[in-house]
Peer 1: 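Structure in structure tokens, see below.
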Amino acid sequence: MDIDTLAGVARELLLVAPADFVAERTARQRAMRADDRDTAAAVGKLRKPTPAAWVIDLLAHEQALDEAVDLGPSLREAQAKADPQEISTLRRQRTSVVAALAQAGADLATDAGHPATPAVLEQVRATIEAAMADPHAGAAVRSGLLVQPLESVGFEDVDLDGALAVPDAVPDAWSGSGAPPIDIEEGRRARRSTRASRPEKQAEQDQQDQQDQQDRAPDPEPEPMPDPAAERRAARQAETAARTESREADAALDEAERELGAAEDRRAGLARELERATAEVEQLERSRDDAETASDRARDLLAAAQEHRRSLGR
């Protein structure tokens, strides 16, 4: 199987609207089957993109994501230096770039006849931010092979499991600089640390420390606090379950399409057999008609001969 050929076909298919993806994939698979059965089989297994991933692939096809991904190293460098002013400037730039790209993606989806919903555009923005935070995610979104949206959570690596249609075609999504993802709260923590180190703020810091000690005093009946990490894990689990259901639905649809294709092939074969049988019946009917005509002619000749003989006997 040729990975480059498979990736090229996948990129073309992923530009098709998700609602039309399965039908187009089946058509491409059948067209390739005679020349390359292995690649055709791999094409038949390509996953349908989610709406958000489809919008990202449209942007990647237009090479519109380069600026966003290229901004990532600058953000990571500023993060490493803990420079609050530079981080603030770059974050404003990131916000502007993400908003512009999300609008561009919405325009592309509308032009394709499938407008994106606000929820889809929110996933598009999250995916672009993940691409800026993690170099591996950046390679994934620029590949044009994305099949599911991405999310950057704190300092955790962006989860790319199952995110690409042809993972082997994007090696940079799995290896690279190893730079840690950007934590969106890091700039705020750096600014707080810088302010606390200034002498003129020492009195304020002492007062804050005293308040913190009071806040840490035991509470006889503490109220349960929300756990953002647990909520994120639950959201990821729900998304994983949804992706699993989507894959199972796609597999069931693929199986139904294969059965339909086999049934159509059988029907075509039976139609050809019926045509051959019909032609044979028509030939036999013509032969029968010719035989009956010849028989009628022979009877007429016999009757004429008998009549002639009787007339001679008189």
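It should be emphasised that the depicted structure is a prediction, and the values quoted were computed from it without experimental measurement.
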Peer 1: Provide the closest heavy-atom pair for Leu101 versus Ala64 in the form atom of the first, atom of the second, distance.
Peer 2: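 Scanning both residues, the minimum pair turns out to be CD2-O, 3.1 Å.
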
Peer 1: Can you name the side-chain hydrogen bond (donor to acceptor under 3.5 Å, both in side chains) partners of Glu24, sequence neighbours left out?
Peer 2: none

Peer 1: By side-chain contact (heavy atoms from CB on, under 4.5 Å), which residues pair with Ala40, not counting sequence neighbours?
Peer 2: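 With sequence neighbours excluded, Ala40 shows a side-chain contact (heavy atoms from CB on, under 4.5 Å) to Gln29, Met32, Arg33, given in chain and number order.
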
Peer 1: According to salt bridge (charged side-chain N to carboxylate O under 4.0 Å, His left out), who are the partners of Glu62, at least two apart in sequence or on a separate chain?
Peer 2: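 For Glu62 there are no salt bridge (charged side-chain N to carboxylate O under 4.0 Å, His left out) partners, ignoring immediate neighbours.
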
Peer 1: Can you name the nearest heavy-atom pair linking Gly162 to Val147, along with the distance?
Peer 2: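 Taking Gly162 first and Val147 second, the nearest heavy atoms are O-CG2, 3.4 Å.
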
Peer 1: Among all residues two or more places apart in sequence or in another chain, which pass the side-chain contact (heavy atoms from CB on, under 4.5 Å) test with Gln283?
Peer 2: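 Partners of Gln283 by the side-chain contact (heavy atoms from CB on, under 4.5 Å) criterion, ordered by chain and then number, come out as Arg286, Ser287.
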
Peer 1: Side-chain contact, heavy-atom cut-off 4.5 Å: Gln123 with Glu151?
Peer 2: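 The answer is no; the side chains never approach within 4.5 Å.
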
Peer 1: Does Leu150 offer a backbone N or O that forms a donor-acceptor pair with the side chain of Thr127 under 3.5 Å?
Peer 2: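 Indeed, once roles are kept as given, a pair shorter than 3.5 Å links the two residues.
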
Peer 1: Could you tell me the separation between the OG1 atom of Thr50 and the CG atom of Asp57, rounded to the nearest 0.5 Å?
Peer 2: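 Going from the OG1 atom of Thr50 to the CG atom of Asp57 covers 8.5 Å.
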
Peer 1: Evaluate Glu307 against Arg310 for salt bridge (Lys or Arg N to Asp or Glu O under 4.0 Å), listing each step before the verdict.
Peer 2: CA-CA 5 Å; Glu307 180 63 28; Arg310 280 195 296 271; 2.7 Å; yes

Peer 1: Look up atom NE2 in His308 and atom CD in Gln306, then write down how far apart they are to the nearest 0.5 Å.
Peer 2: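 It is 12.5 Å, given to the nearest 0.5 Å.
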
Peer 1: From Arg47 CZ over to Lys45 NZ, what is the distance, rounded to the nearest 0.5 angstrom?
Peer 2: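 Atom-to-atom, Arg47:CZ and Lys45:NZ are 14.0 Å apart.
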
Peer 1: Please list, one pair per line, the donor and acceptor atoms closer than 3.5 Å that link side chains of residues 7-22 to other protein atoms, with sequence neighbours excluded.
Peer 2:
| from | atom 1 | to | atom 2 | distance (Å) |
| --- | --- | --- | --- | --- |
| Arg11 | NE | Ser143 | O | 2.7 |
| Arg11 | NH2 | Ser143 | O | 3.4 |
| Glu12 | OE1 | Arg28 | NH1 | 2.8 |
| Glu12 | OE1 | Arg28 | NH2 | 3.2 |

Peer 1: Are Val158 and His136 close enough that some pair of their side-chain heavy atoms sits under 4.5 Å apart?
Peer 2: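 SC-SC contact between Val158 and His136 ruled out.
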
Peer 1: Taking only residues two or more places apart in sequence or in another chain, which ones pass side-chain contact (heavy atoms from CB on, under 4.5 Å) with Ala109?
Peer 2: Trp54, Val55, Ala116

Peer 1: Quick one: list whatever passes side-chain hydrogen bond (donor to acceptor under 3.5 Å, both in side chains) with Thr5, sequence neighbours left out.
Peer 2: Asp2

Peer 1: In the structure I gave you, are the side-chain heavy atoms of Ile128 and Ile56 within less than 4.5 Å of one another anywhere?
Peer 2: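 Of all side-chain heavy-atom pairs linking Ile56 with Ile128, at least one is under 4.5 Å.
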
Peer 1: Is Arg125 paired with Glu122 through a side-chain N to carboxylate O contact shorter than 4.0 Å?
Peer 2: yes

Peer 1: Quick one: list whatever passes side-chain contact (heavy atoms from CB on, under 4.5 Å) with Arg142, sequence neighbours left out.
Peer 2: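 Scan of Arg142 (side-chain contact (heavy atoms from CB on, under 4.5 Å), adjacent residues dropped) gives Asp66, Val69, Asp70.
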
Peer 1: Kindly state each residue pair satisfying side-chain hydrogen bond (donor to acceptor under 3.5 Å, both in side chains) with at least one member in residues 101-116, sequence neighbours excluded.
Peer 2: Gln103-Asp107

Peer 1: Measure the spacing between CG of Asp159 and OG of Ser152 and express it to the nearest 0.5 Å.
Peer 2: 11.5 Å

Peer 1: For the atom pair CG (Leu6) and CG (Asp38), what is the distance rounded to the nearest 0.5 Å?
Peer 2: 11.0 Å

Peer 1: Have a look at Leu146 and tell me which of Val141, Leu160, Val170 forms a side-chain contact (heavy atoms from CB on, under 4.5 Å) with it.
Peer 2: Val141

Peer 1: Among residues at least two apart in sequence or on other chains, which ones pass salt bridge (charged side-chain N to carboxylate O under 4.0 Å, His left out) with Arg288?
Peer 2: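 For Arg288 there are no salt bridge (charged side-chain N to carboxylate O under 4.0 Å, His left out) partners, ignoring immediate neighbours.
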
